[in-house]
Amino acid sequence: MALSLQAFHTFSLPSQCSQLCEITDLTQLQLLTFDSPFCILGEGSNTVFLSDYQGTVIKMATTGVVIVERDNDYLLEVAAGENWHQLVAYTLKKGMPGLENLALIPGTVGAAPVQNIGAYGVELAKFIEYVEYFDIATKQLIRLSCQQCEFGYRESIFKHQLKNKAVITCVALALPKLWQPELSYGPLQQLESVTAQTVFEQVIKTRNSKLPDPYILANAGSFFKNPIIENQLLSELLVAYPQLPHYYYDEHHHKVAAGWLIEQAGLKGYRIAGIEVHQQQALVLVNHGGSEGSDLIKMIQHIQQQIWQRYQISLQHEVRLMNNDTECHIGLGELA
Ligand code: FAD
Ligand code: EPU
């Protein structure tokens with residue numbers, strides 16, 4: 001029987017799936033056949049179902065946190081279905097700081113390593129001791145060290161070699177007892193008293209001022225990645241656009257702010273059906289309702305074309321897009 005997916009992804013496009021299987025116990029994974037199309041889902045805050053999905057949605061809902069105190073840190077072994085922000089709040093309450101810059105990021109703990117969630121100068125990888133996953137081919141649980149996860153900016157092995165092969169079951173985080181605040185991001189530099197709690201509160205305040213609550217106004221956070229461009233292109237762009245925010249990436253590349261590019265291209269408030277470039281943060285697309293996957297595709301392509309024509313930068317969507325039976329990518333195609 002078809003089941004609506006609208007409440008299962010925060011962009012909330014109308015869509016249905018053939019079957020939804022909620023995993024509350026890992027033994028359930030052993031019983032699944034994985035022979036028809038399947039999609040692993042947490043809270044759907046980085047996934048958009050563009051149309052009806054002809055397969056099984058496997059929603060990870062396992063819970064549990066085990067804390068092991070070691071000489072220099074606390075090791076937290078957290079089940080995939082736990083909510084990320086609740087975990088951050090819980091660690092602070094327990095006097096185990098470290099995760100405060102990553103407060104209020106929606107979604108599950110199990111999805112966090114997939115794109116190596118990051119915000120306000122910190123990425124998840126900094127704390128990863130290991131990630132455990134259920135290997136679909138062998139039905140074994142396998143542990144990867146932080147290095148084996150191949151983390152990068154919004155990247156990990158789970159988006160590449162292990163895509164559709166691994167169900168993350170547990171994330172182990174090491175939180176050092178010696179706390180070192182990360183205050184490089186603008187609004188955090190203005191803090192008068194620096195404690196993990198004040199950083200946590202400032203991050204929440206900053207996020208609430210720009211990012212719409214997905215449960216009030218449907219959205220999937222930053223829709224595009226901040227592009228990483230060659231230094232040569234950056235130099236050329238800075239002549240025309242001296243204000244372009246840019247950050248060192250490596251010797252040959254800088255990261256530039258996609259939200260700035262989109263805003264300067266005059267696209268804030270641009271609307272197709274109920275989908276709009278958010279007024280407070282141009283990197284976020286919001287869905288006011290009455291929209292379909294085809295409207296979103298038109299919006300993505302329009303933004304990509306405008307940004308390519310203006311800056312010769314090809315924007316890649318960060319959000320995972322699902323069509324009727326698999327993940328898909330919308331790109332510039334022949335334009336780039
Ligand atoms: P889902 O959308 O359910 O899944 C995301 C991807 O991970 C899918 O491809 C899915 O197949 C895969 N996946 C999920 N669970 C598992 C599992 N157990 N095993 C294997 N694969 C799995 N992200 C940031 O990095 N930084 C931010 O600051 C940030 N801010 C956001 C703000 C808003 C308002 C919103 C809506 C999103 C934001 N995001 C941010 C994106 C999102 O919160 C993260 O990507 C989050 O980790 C997604 O969690 P989820 O459980 O909702 O994942
Ligand atoms: N900017 C504009 N106009 C806009 C949006 C941004 O000029 O409409 C400028 C800002 O003034 C700032 C720069 O662009 O100079 C960067 O903006 P911001 O600090 O808001 O962050 P971002 O680069 O747009 C990234 C992440 C967010 C994360 C924040 C905070 C990506 C794709 N996005 O956004 O992550 O929370 O930094 O660290 O890397 C997400 O992944 O879903 C997400 C929300």
Side-chain angles (χ1 to χ4, degrees), residues 8-11 23 29 38-49 57-62 79-85 101-124 131-134 136 153-154 156 158-159 162-171 184-188 203 206-227 243-247 255-264 267-269 277-286 315-322 327:
F8 288 91
H9 69 302
T10 61
F11 203 79
I23 304 295
L29 289 174
F38 64 87
C39 164
I40 307 160
L41 198 67
E43 292 177 16
S45 64
N46 208 36
T47 304
V48 173
F49 291 95
V57 171
I58 301 170
K59 182 170 162 55
M60 289 304 287
T62 49
E82 289 282 350
N83 175 269
W84 174 260
H85 175 71
N101 294 54
L102 301 176
L104 218 59
I105 298 180
T108 55
V109 168
V114 176
Q115 73 156 6
N116 180 24
I117 56 167
Y120 307 101
V122 175
E123 284 184 341
L124 177 79
V131 175
E132 182 189 80
Y133 70 91
F134 174 82
I136 290 171
Y153 165 63
R154 299 294 191 268
S156 77
F158 301 103
K159 283 185 163 186
L162 290 181
K163 188 173 155 184
N164 294 330
K165 295 188 174 135
V167 184
I168 295 170
T169 51
C170 173
V171 177
S184 57
Y185 189 86
L188 299 178
V203 165
T206 306
R207 293 183 69 94
N208 281 336
S209 69
K210 308 185 191 189
L211 296 165
D213 179 339
Y215 296 102
I216 295 173
L217 178 55
N219 76 91
S222 298
F223 209 91
F224 299 94
K225 290 187 201 174
N226 282 327
Q243 309 295 327
L244 170 61
H246 57 283
Y247 321 93
K255 188 154 63 164
V256 294
W260 189 93
L261 300 175
I262 297 171
E263 178 172 358
Q264 295 303 313
L267 290 168
K268 253 189 182 174
V277 179
H278 190 47
Q279 297 281 0
Q280 273 76 48
Q281 229 292 5
L283 198 46
V284 175
L285 301 182
V286 296
L315 282 187
Q316 307 296 320
H317 52 88
E318 184 213 79
V319 172
R320 314 287 295 268
L321 302 176
M322 300 300 297
E327 186 179 350

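One-based numbering, in listed order, for ligands and for the atoms of each. Throughout, residue positions are numbered sequentially from 1 according to the sequence presented.
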Within ligand 1, which atoms have a heavy atom of V167 less than 4.0 Å away?
19 (N)
Would you say the side chain of F224 lies within less than 4.5 Å of the side chain of L283, judging by non-hydrogen atoms?
yes
Below 4.0 Å, non-hydrogen atoms only: which portion of Q115 touches ligand 1? Side chain, backbone, both or neither.
side chain
Hey, does G42 come in under 3.5 Å of ligand 1, counting only N/O atoms on both sides?
yes
If we number the atoms of ligand 1 from 1 as shown, the ones under 4.0 Å from a heavy atom of A166 are 20 (C)
Out of all atoms in ligand 1, which are within 4.0 Å of some heavy atom of M60? Include the element for each.
18 (N)
Between H278, R207, K165, R154, which one has a non-hydrogen atom sitting closest to atom 32 (C) of ligand 1?
R207
Indicate yes or no for a side-chain donor-acceptor contact from H9 to the backbone of F11 under 3.5 Å, with no hydrogens or angles considered.
no
Is it the side chain (CB and beyond), the backbone, both or neither of L41 that lies under 4.0 Å from ligand 1, heavy atoms counted?
both
Using a distance-only test with no angle check, is there a side-chain donor-acceptor pair under 3.5 angstrom linking T108 and E43?
no
For R154, is there any backbone N or O sitting under 3.5 Å from a side-chain donor or acceptor partner on K159?
yes
Counting only heavy atoms, tell me which of N101, L104, I168 gets closest to atom 19 (N) of ligand 1.
I168
Counting only heavy atoms, tell me which of I58, T47, I105, V131 gets closest to atom 4 (O) of ligand 1.
T47
Sub-3.5 Å N/O-N/O distance, R320 and ligand 1:
yes
Write out the protein residues near ligand 2, meaning a non-hydrogen atom under 4.0 Å from one of its atoms, in order of chain and number.
A119, Y120, Y153, R154, Y185, R207, K210, G221, S222, F224, K225, N226, P245, Y247, A257, G259, W260, E263, K268, Q281, A282, L283, E318
Of the listed options A103, A112, P106, G107, closest to atom 43 (O) of ligand 1 (non-hydrogen atoms):
P106
Consider every N or O of P212 and every N or O of ligand 1, then say whether any pair is closer than 3.5 Å.
no
K268: which residues meet the side chain to side chain donor-acceptor pair (under 3.5 Å) condition with it, sequence neighbours left out?
E263
So the atoms of ligand 1 within less than 4.0 Å of a heavy atom of G118 turn out to be 24 (C), 25 (O), 26 (N), 27 (C), 28 (O)
Is there a donor-acceptor pair closer than 3.5 Å between any side-chain N or O of S156 and the backbone N or O of V114?
yes
Is there any N or O on I40 that sits under 3.5 Å from an N or O of ligand 1?
yes
Please list, in number order, the atoms of ligand 1 under 4.0 Å from a heavy atom of A119.
28 (O)
Ligand 1 N/O within reach of S45 N/O, cut-off under 3.5 Å
yes
Who gets closest to atom 51 (O) of ligand 1 by heavy atom: V109, T108, N219, N116?
T108
